[in-house]
Amino acid sequence: MFAFLANPDRFMAFSRRAAPAFGALAVLLIAAGLWYSFIAPEDYQQGDTVRIMFIHVPAAYLAMFSYICLGVASFLSLVYRHALADAAARACAPLGAVFTALALITGALWGKPMWGTWWVWDARLTSVLVLFLFWLGYMALRAAIDDETKAGRAAAILALVGLVNLPVIHFSVEWWNSLHQGATVFAAKAENRLPPSYLIPMALMALGYTSAFGSLWLVRIRAEVWRRRAAVLALQAAEG
Amino acid sequence: MFDFDAGKYAAYVWPSFAITALAFGWMIADSLARARRWKREVEARTKAKT
């Protein structure tokens, strides 16, 4: 699959059809997810704030998933020096930063009524904030170096270093005492797992967010490919 | 059927959905605008070259 899509012309032909297909799938999944979100019963402890879960958890999952995508693209860019992998890494960063910001903001809006505070320097919250800073650092580093090749390599190394933070985020609620709740989707004990009335909307929203990310990522990679082609054409025109 | 009454938690639930909708709106608009801009740039430069 990677070898097939590594060819920019094949990638452009594939993404031209795949981006709207993923986009349409995202609309359907998110619409169904919202439908189930608002017919789900209130939680006996958390009341209506439980509905924040249907947008907070998918955002948090996408924050990490998009960073894995950044890591894979950065690795391929560093090892194989492939321009399309570098374009994919660059295109991924703003989307990942937005999903991470959404996880932090919706988490704060859920935390205030449930915990009595918008923020605590808790292991889970702090490690997600560190993830957000990695996204910002990645984009800032790329913007700070004029030579795009050097900028791409430096940013790719930073992205790979940031991968260390992902297991910290995931296991933070097990490794340290935390205000944040533990795993409920894949909880070992059946009594800790989400009931279907909450699991269905959350799963639909998570799949919808993933499809939306896939669609937008492809659109942004296409934009990046065109930007680089425009730069080459401008250079050729300048050389006469 | 639908429960849109968030009661005393409305001040937390609705801003969460509103901010999420705004973020999605920005991601969609910005991604499409970038793609459109650079595609036009390539087309214009290719046309000028030939």
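Per chain, numbering begins at 1; letters A, B, ... match sequence-line order.
- Of the atoms belonging to A:Glu224, not a single heavy atom falls under 4.5 Å from chain B.
- Between B:Phe24 and A:Ala212, the closest heavy-atom pair is CE2-CB, 3.8 Å.
- Using a 4.5 Å cut-off between heavy atoms, B:Phe17 contacts chain A through both its backbone and its side chain.
- Separating the CE atom in B:Met27 from the CZ atom in A:Phe213 is a distance of 9.5 Å, to the nearest 0.5 Å.
- Inter-residue side-chain proximity for A:Tyr209 and B:Thr20 is flagged as met; some heavy-atom pair is nearer than 4.5 Å.
- Atom OG1 in B:Thr46 sits 5.0 Å away from atom CG in A:Leu233 (nearest 0.5 Å).
- Between chain B and the residues A:Ile55, A:Val232, A:Leu95, A:Thr106, the largest count of heavy-atom pairs under 4.5 Å involves A:Ile55.
- Note: A:Arg220 CZ to B:Trp38 CH2 = 13.0 Å, rounded to the nearest 0.5 Å.
- By the 30° and 60° cut-offs, the orientation of the rings of A:Trp118 relative to B:Tyr12 is tilted.
- Distance check: B:Tyr9 OH to A:Asp48 CG gives 9.0 Å after rounding to the nearest 0.5 Å.
- Heavy-atom pairs under 4.5 Å with chain B were tallied for A:Trp110, A:Trp35, A:Phe38; the largest tally goes to A:Phe38.
- In this structure, the portions of A:Leu216 lying under 4.5 Å from any heavy atom of chain B include both its backbone and its side chain.
- Between chain B and the options A:Gly23, A:Ala223, A:Pro113, A:Ala19, the largest number of non-hydrogen pairs under 4.5 Å is found for A:Pro113.
- Heavy-atom pairs under 4.5 Å with chain A peak, among B:Ser16, B:Ala10, B:Ala48, at B:Ser16.
- The distance from the CD atom of B:Glu41 to the CZ atom of A:Arg229 is 14.0 Å, given to the nearest 0.5 Å.
- For chain B, the nearby parts of A:Ile39 are the backbone and the side chain; heavy atoms of each come within less than 4.5 Å.
- For the set B:Met1, B:Arg40, B:Glu43, B:Lys39, the entry with the most heavy-atom pairs within less than 4.5 Å of chain A is B:Lys39.
- Note that the CD1 atom of A:Ile52 and the CH2 atom of B:Trp14 stand 10.5 Å from one another [nearest 0.5 Å].
- Of the atoms belonging to A:Met12, not a single heavy atom falls under 4.5 Å from chain B.
- Looking at B:Asp30, the atoms closer than 4.5 Å to chain A (heavy atoms on both sides) sit in the backbone and in the side chain alike.
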